[in-house]
S.K.: 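Mind looking over this structure? Questions follow.
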Amino acid sequence: MTRTRWLQEYGVYLAVAGLFAFNLLFTENFVSAANFRTQLLQAAPVCIVALGMALVIGTEGVDLSVGAVMALSAALIPLYLGYGPLLAVLVALVVGLAAGLFNGFLVAQLGIQPIVATLGLLVGGRGLALVIAEGKLVEVRSPEFLSLGNGDVLGIPVSVLVAAVLAVGVGLLVQRTTFGRQLVAIGGNRSASALAGLPVKRVLIGVYAICGVLAGVAGVLATARLGASDPADIGLLMELSAITAVVVGGTPLTGGRVRVFGTVMGAVLMQLVRATLIKHDLPDSATQMVQAAIIIAAVYVARERSTR
Amino acid sequence: MTATTVQANRERWASLLQRQGAAVVLVVVIVVAWLAFPRFGSLGNLRDLALQSSFLLVIALGMTFVIITGGIDLSVGSVYALGGVLAAYGSQWGFFGSLLLPLAVCGLIGLINGILVARTGMAPFIVTLASLLFARGLLLAITSEGSTTFKIPGDAFFLQLGQGTFLGIGYPVYIAAALCLAGGVLLRRTRFGQSVFATGGSESSALLMGLPVARTKIAVYTMSGLLAGFAGALTASYLQSGVTVIGVGTELDAIAVVVIGGTLLTGGAGTILGTVIGVGLRNVIQSVINQIGTLDSNFQSVVSGGFLLVVVVVQRWLAQSRNA
Amino acid sequence: MLEAVEVSKEFLGVKALDRVSFTLRPGEVHALVGENGAGKSTLIKVLTGVYQPDGGVLRHHGAPVTFAKPIQAQQAGISTIYQEVNLIPLMSIAANVFLGREPRTRGLIDWRKLNADATELLAGYGITADVRKPLASLGVGAQQMVALARAVSLDARVVIMDEPTSSLEPREVETLFTVIERLHSDGIAILYVSHRMDELYRICEQVTVLRDGKLVHSGPLAHLPRIELVSMMLGRAVSDIREHGTTSFGEDHHASKEPLLRAENLTSGTRINDVSVTVRPGEVVGLAGLLGSGRSETARAIIGALPLDSGTVLLGGKPVKRTVAQAMRAGISLLAEDRKADGIIPNLTVRENIVLAALPRLSRFGLVSRSKQDRIVDTFMKRLRIKASSPDQKVAELSGGNQQKVLLARWLCTQPKVLLLDEPSRGIDVGAKAEVQALIDELAKEGLAVLLISSEMEELIDGADRIVVLRDGTVAGELSGEDVTEKNVLAAIAGTRP
Amino acid sequence: AKTESQNSAPSGPGPAASAAPQQSSGPGCTLAQTGYPKLDLKTTKIGFSQSEKEANPFRIAETQSIKDEAGKLGIPASNLLVTNAQSDLNKQIADIKSMLDQGAQALIVAPLNSDGLQPALDAAKAKKVPVVTIDRKVTQAPCTDYLTFIGSDFVAQGKRAADEMIRVTGGTGKVAILLGSSGNNVTTDRTKGFTDQLASATGLSIVAQQTGEFDRSKGQAVMEQLIQSHPDLTAVYAENDEMGIGAVNALKAAGKKPGKDVKIVSIDGTRNAVQLIVDGSYNAVIESNPRFGNLAFSTLQKFAEGNPIGPSVVISDDQYDETNAAQKVANAY
Ligand SMILES: Nc1ncnc2c1ncn2[C@@H]1O[C@H](COP(=O)(O)OP(=O)(O)OP(=O)(O)O)[C@@H](O)[C@H]1O
Ligand SMILES: Nc1ncnc2c1ncn2[C@@H]1O[C@H](COP(=O)(O)OP(=O)(O)OP(=O)(O)O)[C@@H](O)[C@H]1O
Ligand SMILES: [Mg+2]
Ligand SMILES: [Mg+2]
């Protein structure tokens with residue numbers, strides 16, 4: 001493997017390691033279990049959404065509605081929490097599923113381009129969530145539900161565990177299942193896949209549905225962590241963070257390829273960047289410019305090079 | 001007139017109808033709005049509608065070129081805001097300061113977008129997402145984290161650009177119209193326009209056919225940056241100050257109107273007229289939502305989102321019935 | 001005129017060109033031949049600035065040159081038709097012809113003149129369609145003619161054609177040859193790549209043979225025995241090859257009486273109208289017709305990829321549901337004619353491309369079994385002699401012919417009962433072609449029902465037991481047994497036979 | 001300055017924090033001076049332009065207070081035009097123009113931004129329609145470009161927050177600031193007031209200023225980072241309650257006692273924050289009063305009757321701390 005190829009493949013890991021090293025050297029109070037825990041906790045929701053996004057991007061699509069879907073799932077939680085946390089979580093996931101199916105229907109059945117199809121829900125979804133919640137933030141007090149946000153299992157925060165399990169699950173899905181292989185093929189060449197008898201529409205709908213459910217999961221975890229359902233702000237601009245994590249992680253936007261672990265690393269990288277900038281108390285202007293530079297650098301390294 | 005020419009005419013109309021699905025929807029919406037809300041058709045309202053539309057139209061014009069090459073420019077919202085701030089900042093050096101400073105900086109951002117997209121093969125989505133952040137950061141840096149708002153002196157000639165009127169209609173409307181006309185000619189009647197289409201239609205073919213693909217891409221992103229910056233300057237002139245809070249989410253508006261106008265996001269096909277119609281449609285709907293008045297503010301976005309989908313679905317359906 | 005000296009080009013370990021020298025002299029028609037993957041297309045791309053050679057130099061008019069981009073070669077008077085059609089499907093036919101050199105008045109494109117010029121130019125190539133329509137409305141063959149018209153009208157001194165006839169009809173081929181003769185008499189040098197021996201001997205003076213990226217022969221063609229040329233391409237002894245005829249089909253097959261596939265009264269828009277075809281197990285039925293006669297459409301209609309206005313498809317007497325997935329489950333597979341658009345998944349590996357359609361069969365509870373896959377992939381890569389560095393190589397990196405074999409393998413591993421083959425030997429070399437033809441034979445013998453679409457008359461006549469002739473989307477005749485002769489088929493195509 | 005004025009409250013118990021109109025000095029603006037037509041509020045069309053979605057307590061209370069007051073005055077619903085700019089400045093201008101077009105004769109505007117409403121104000125001026133801006137001042141000239149501004153002084157809010165901060169910390173410690181959204185005047189003013197005032201207390205140092213975008217979850221996330229990198233942090237100033245509550249969440253999760261280990265002062269006066277003071281995990285809240293209805297309409301009424309109106313009418317902002325939170329929590333919005 002040539003050096004450039006190697007960089008292309010492992011650039012994200014290198015960047016994460018580099019940034020980590022930087023923090024070790026130049027950031028006070030960086031090395032502590034509590035700090036690492038904070039970083040993982042904060043990266044978890046983005047990571048979960050990015051996993052779904054990676055699948056969608058693998059089919060040469062994109063889902064702009066994930067943030068709005070998080071808001072929708074958050075808005076429903078307090079309404080059903082009275083019937084027990086389990087039902088509330090279930091409802092939140094079902095609404096994610098429904099949103100995903102809706103997107104999938106628009107993309108697969110009606111043949112609408114993903115950006116526009118999901119833009120509709122991006123614009124309307126959050127509005128709907130706010131209508132449901134009457135524009136209000138509702139505090140959530142159920143301790144069982146809140147434990148999803150700050151509880152631990154074996155010393156690992158629940159949401160980090162959920163993210164890890166989902167990452168492994170999505171990884172297996174992509175590598176080892178018919179569905180996963182078909183998804184990648186459809187992203188690589190849709191018309192050929194159709195002629196090869198692949199259930200193109202079913203796979204596409206499935207992919208958007210998974211993405212919706214994962215956004216629902218992220219909505220649940222974010223709500224639990226915040227201790228409140230806040231449809232106005234939950235998941236705001238999540239679509240861009242998730243897409244960034246996916247692309248920085250080495251999945252090309254042109255489809256036909258999904259890098260699951262890279263996506264996780266992409267989410268971690270962007271989290272580390274944010275944390276580093278806050279810890280060094282950079283002003284917002286610098287924060288945004290530095291993020292821009294890091295995105296460009298990471299994607300530049302991981303880009304698919306043409307043979308010339 | 002013979003039967004065949006009647007037939008041919010009818011076919012031509014049918015195909016026009018199908019191609020311009022958005023235009024059909026626009027006409028329907030306007031007629032309904034006119035009937036339902038008598039004030040909708042008032043000269044004042046239409047005039048304001050045209051004026052409001054002109055800023056977004058200038059941005060969407062650049063976006064149309066970018067999308068036809070198969071790209072996308074997410075940075076326009078931030079660049080638009082940056083352009084406004086720079087125009088106000090530049091007003092201390094007079095008219096040309098106000099005009100040239102935003103054009104230079106925003107054009108440069110567009111140029112860099114273009115170079116990154118064309119020369120490194122990075123996805124436009126991600127390149128311009130980064131410059132969205134960058135332009136916003138630059139804006140904050142210039143305005144000391146957004147705490148200063150630059151004013152344009154009340155007697156500045158530059159204010160004419162955004163506030164002057166001719167026959168009761170604001171200059172921005174004429175400027176946007178002129179730019180669209182020029183854009184249309186550029187797209188349809190020049191070799192550059194042809195290579196814009198070819199680049200979006202099939203990049204590898206365009207390369208093998210010897211077209212300047214990279215140069216074309218660089219040019220469209222630069223254009224998009226220039227136009228977004230110019231729209232910002234125009235807005236600054238209209239608002240008499242470099243407002244820092246504008247342009248958030250404008251890139252999505254611009255993309256939406258371009259797509260509503262029938263330009264394919266996959267590239268290779270599209271029209272300026274469609275974009276004009278798309279902008280019109282968006283603003284007419286917004287005006288209608290306002291006229292209804294009683295709609296809960298949160299519900300308004302549900303309606304806009306729903307409407308966007310309806311238009312796109314209808315358009316898709318018309319396109320399909322044409323192909324069948 | 002144009003010269004390559006010891007050029008090399010390597011792709012990730014594959015030596016596509018290994019110190020190849022090549023000279024094209026003014027006014028000659030020079031054939032470039034070799035097996036699939038021999039490096040022909042690569043040599044062309046190196047000559048025209050698409051690829052930069054890793055080693056060696058190019059000379060133009062004796063002076064060393066480097067073409068950094070295709071446009072530079074074009075400006076130097078070298079114009080090329082690449083192997084895959086390389087035009088812009090969404091743009092109009094006329095715009096494609098003049099892209100980059102549109103006639104202008106006062107700086108603006110003069111569309112009226114452009115359209116008129118394009119119409120006139122294309123008429124010379126037998127294309128009569130409305131030039132304002134999008135290029136995609138033409139069939140592959142017609143698109144190839146447009147590409148040719150474009151290339152030739154560039155006022156080039158050198159014209160390079162990479163398998164221009166692979167998607168052309170006999171009639172179109174004749175048109176092409178007229179054009180080539182005209183160019184030849186104008187003193188223009190032509191580099192011509194084709195796998196069709198007859199064509200080479202008809203029009204070429206010189207020949208260069210490549211094998212595995214190396215130069216094996218270069219010299220005059222006329223007195224080089226055909227068999228020797230083939231042996232050089234394949235790297236096998238002459239005696240080895242003599243045993244086979246020009247095609248590798250055996251005698252007629254013994255088909256059972258009952259048709260397995262019955263497509264009845266298929267009608268879809270203006271493309272096909274009331275087409276009925278039946279295929280029995282163990283039978284090869286040919287579908288003949290001119291370009292655009294609706295052969296591909298018939299095949300696509302049978303597999304369910306083309307919406308039908310009316311008509312039914314029965315398999316073993318049972319109606320087949322109208323989706324590709326259902327048709328495949330019932331046992332029908334289609335090898336599509338456009339390899340790039342409808343065949344390969346470029347980013348995936350050879351292995352993944354082969355097993356793609358058979359995935360559900362190779363997996364349990366949705367989990368794919370790697371070992372089963374490996375077995376199948378291994379079997380087919382050997383059986384079809386697919387040349388790839390490993391099953392994990394990206395299919396986009398294979399040569400055109402090997403990609404075709406990968407697709408054949410894909411369909412065979414679905415274990416179909418009916419195989420629809422649309423131009424199965426397009427763009428594959430003599431060796432591979434013989435293998436494919438032998439394979440078709442073998443499959444039929446095993447009891448498969450095969451519908452064969454081919455623009456090569458010889459392949460159809462020799463391969464098919466029965467031929468259905470289409471004209472303008474309807475069945476113009478059916479020939480079987482003794483009647484299957486070139487003369488009869490041509491007459492049916494032309495409509496001179498009752 | 002917490003005197004009860006006339007019935008100014010939105011529904012519910014009478015607010016402690018309500019309007020004590022403090023006419024600023026100056027000549028005042030009269031009907032005669034502007035040449036605007038005489039109005040009778042009960043029969044005229046009145047337009048209200050809200051800037052952001054009603055998606056947070058402040059905006060909900062603000063819009064509600066305008067609607068309630070109109071109802072109280074017997075203004076028919078069809079005569080109160082309400083628009084919402086959805087955080088889009090151009091839309092707000094369009095909204096205002098469209099209301100003018102629909103015949104609005106008086107306007108109440110909650111500006112999205114201090115700058116940039118010039119075209120809308122010009123249009124109102126051309127139609128001789130008085131404009132009262134609420135909650136945020138615009139930079140144009142009162143009386144000529146608009147009638148008057150009713151609202152809080154954000155710089156003063158920041159100052160008062162600093163005073164409270166000095167009080168609760170005893171004047172020593174390390175403070176982190178959770179800033180509002182960048183580019184927003186409210187952020188700028190509340191930061192300026194706070195930092196200027198805090199400079200007087202030499203024992204307090206500001207160790208971090210990071211934006212939480214007025215959002216609870218972002219405030220929480222930033223706070224989590226700050227707790228890790230500044231373990232010695234002793235106080236947080238949040239520029240709105242939501243971020244303050246986010247900080248409380250973060251502190252609790254990190255095993256610290258908000259309100260005790262780390263003092264928290266914020267601005268807004270939402271019920272959730274005031275309740276936290278009652279619970280002992282918060283230290284002080286400076287109110288930003290959203291109940292503009294009464295003042296807005298009465299100011300318009302006075303103007304219509306020919307009385308002079310000062311360039312700004314400051315609405316009084318209450319203040320909640322451990323001494324009064326329990327009694328006043330019902331007044332919080
Ligand atoms: N872009 C590429 N990346 C990697 N390998 C390549 C690439 N293009 C060609 N090759 C390899 O180079 C060799 C020569 O390919 P080339 O396309 O020149 O063959 P060809 O002689 O034109 O064959 P055909 O008759 O099938 O078209 C093949 O082994 C092929 O796999
Ligand atoms: N020479 C031509 N001029 C104009 N239009 C053409 C020409 N050749 C083909 N077409 C158009 O292309 C369409 C599709 O052609 P296509 O080549 O797919 O048909 P086919 O019979 O399947 O041919 P093939 O023999 O290549 O499989 C036809 O319906 C016809 O309208
Ligand atoms: Mg080749
Ligand atoms: Mg065909």
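Because the structure is a prediction, the values reported are computed rather than measured. In the text below, chain A, chain B and the rest are named by the order of the sequence lines, each starting its count at 1.
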S.K.: Are more than 12 heavy atoms, taken from residues, nucleotides or ligands other than D:E322, located less than 6.0 Å from that residue's CD atom?
M.R.: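 Result for CD/D:E322: enclosed.
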S.K.: Give the C-alpha distance, both sets of side-chain angles, the deciding distance and a yes or no for side chain to side chain contact (heavy atoms under 4.5 Å, CB included) between A:M238 and A:S65.
M.R.: CA-CA 9 Å; A:M238 180 56 95; A:S65 74; over 6 Å; no
S.K.: Please look at A:I278 and chain D and tell me whether the side chain, the backbone, both or neither of the residue comes under 4.5 angstrom of a heavy atom of that chain.
M.R.: both
S.K.: Under 4.5 Å from any heavy atom of chain A, what part of D:S217 do you find: side chain, backbone, both or neither?
M.R.: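 Contact with chain A: backbone and side chain both.
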S.K.: Are A:R141 and A:E139 close enough, and set up right, to give a salt bridge (Lys or Arg N to Asp or Glu O under 4.0 Å), and what steps lead you there?
M.R.: CA-CA 6 Å; A:R141 305 201 191 282; A:E139 303 231 333; 3.4 Å; yes
S.K.: Taking side chain as everything from C-beta outward and backbone as N, CA, C, O, which of these in A:L282 sits under 4.5 Å from a heavy atom of chain D? Side chain, backbone, both or neither.
M.R.: backbone
S.K.: Which one wins on heavy-atom pair count under 4.5 Å against chain D: A:T27, A:L226, A:D284?
M.R.: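 Of A:T27, A:L226, A:D284, A:L226 has the most heavy-atom pairs under 4.5 Å with chain D.
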S.K.: Between A:A232, A:P231, A:A275, who has the most heavy-atom pairs with chain D when the cutoff is under 4.5 Å?
M.R.: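 It is A:A275.
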S.K.: Under 4.5 Å heavy-atom distance to chain D, tell me which part of A:L41 shows up: side chain, backbone, both or neither.
M.R.: neither
S.K.: Would you check if there is a donor-acceptor pair between the side chains of D:Q50 and D:N84 at a distance under 3.5 Å?
M.R.: no
S.K.: Hey, does A:D233 have a side-chain heavy atom less than 4.5 Å from the side chain of D:K218?
M.R.: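 In short, these two side chains do not touch, never coming nearer than 4.5 Å.
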S.K.: Does a salt bridge link D:D196 with D:K192, judged by any charged N lying under 4.0 Å from a carboxylate O?
M.R.: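 D:K192 and D:D196: salt-bridged.
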S.K.: For chain D, which residues from residues 151-160 of chain A have at least one heavy atom closer than 4.5 Å to it?
M.R.: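 Near chain D, by residue number: none.
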S.K.: Run the ring-ring contact (aromatic ring centres under 6.0 Å, His included) check on D:Y282 and D:Y320 step by step: do they pass?
M.R.: CA-CA 10 Å; D:Y282 218 87; D:Y320 304 91; over 10 Å; no
S.K.: With no hydrogens and no angle check, do the side chains of D:E239 and D:S266 hold a donor and an acceptor under 3.5 Å apart?
M.R.: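 Short answer, no.
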S.K.: D:E54 versus chain A, heavy atoms under 4.5 Å apart: side chain, backbone, both or neither?
M.R.: backbone
S.K.: Atom NZ of residue position D:K174 - does it have more than 12 heavy atoms of other residues, nucleotides or ligands inside 6.0 Å?
M.R.: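 Not more than 12 within 6.0 Å, no.
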S.K.: So which part of D:A253 gets closer than 4.5 Å to some heavy atom of chain A, the side chain, the backbone, both or neither?
M.R.: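 It is neither, since no heavy atom gets under 4.5 Å.
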S.K.: What part of D:Q86 gets within 4.5 angstrom of chain A, counting heavy atoms only: side chain, backbone, both, or neither?
M.R.: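 Looking at D:Q86, nothing touches chain A.
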S.K.: Give, as side chain, backbone, both or neither, the part of D:N56 having an atom under 4.5 angstrom from any heavy atom of chain A.
M.R.: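 Only the backbone of D:N56 comes within 4.5 Å of chain A.
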S.K.: Checking A:R225 against chain D: side chain, backbone, both or neither under 4.5 Å from a heavy atom?
M.R.: both
S.K.: Is A:N35 close to chain D through its backbone or its side chain, or both, or neither, when contacts mean heavy atoms under 4.5 Å?
M.R.: both
S.K.: Please determine whether a side-chain nitrogen of the Lys or Arg among D:D88 and D:K91 lies less than 4.0 Å from a carboxylate oxygen of the Asp or Glu.
M.R.: no
S.K.: Between A:F20 and A:F36, is the ring centre distance below 6.0 Å?
M.R.: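 Yes, ring centres under 6.0 Å apart.
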S.K.: Do D:D135 and D:R59 sit within salt-bridge range, that is, some charged N less than 4.0 Å from a carboxylate O?
M.R.: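 Result for this pair is yes, salt bridge flagged.
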S.K.: Test D:V175 against every option in D:V265, D:V236, D:L204, D:T234 by the side-chain contact (heavy atoms from CB on, under 4.5 Å) rule and name the one that passes.
M.R.: D:L204
S.K.: Shorter than 4.5 Å, heavy atoms on both sides: which option in A:L130, A:N29, A:D281 has the most such pairs with chain D?
M.R.: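 Among A:L130, A:N29, A:D281, the one with the most close pairs to chain D is A:D281.
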S.K.: I want to check something: taking the side chain as every heavy atom from C-beta on, are D:F292 and D:I108 in contact at a cut-off of under 4.5 Å?
M.R.: no
S.K.: Name the region of A:Q288, side chain, backbone, both or neither, that has any atom closer than 4.5 Å to a heavy atom of chain D.
M.R.: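 Neither part.
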S.K.: Looking only at heavy atoms and a cut-off of under 4.5 Å, which of D:I227, D:N249, D:I245 has the most pairs with chain A?
M.R.: D:N249
S.K.: Between D:K53 and chain A, with a heavy-atom cut-off of 4.5 Å, which part of the residue counts as in contact: side chain, backbone, both or neither?
M.R.: side chain
S.K.: Just so I understand: if I count every heavy-atom pair under 4.5 Å between each of D:R216, D:Q220, D:E224 and chain A, which residue has the most?
M.R.: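 When all of D:R216, D:Q220, D:E224 are compared, D:R216 has the most.
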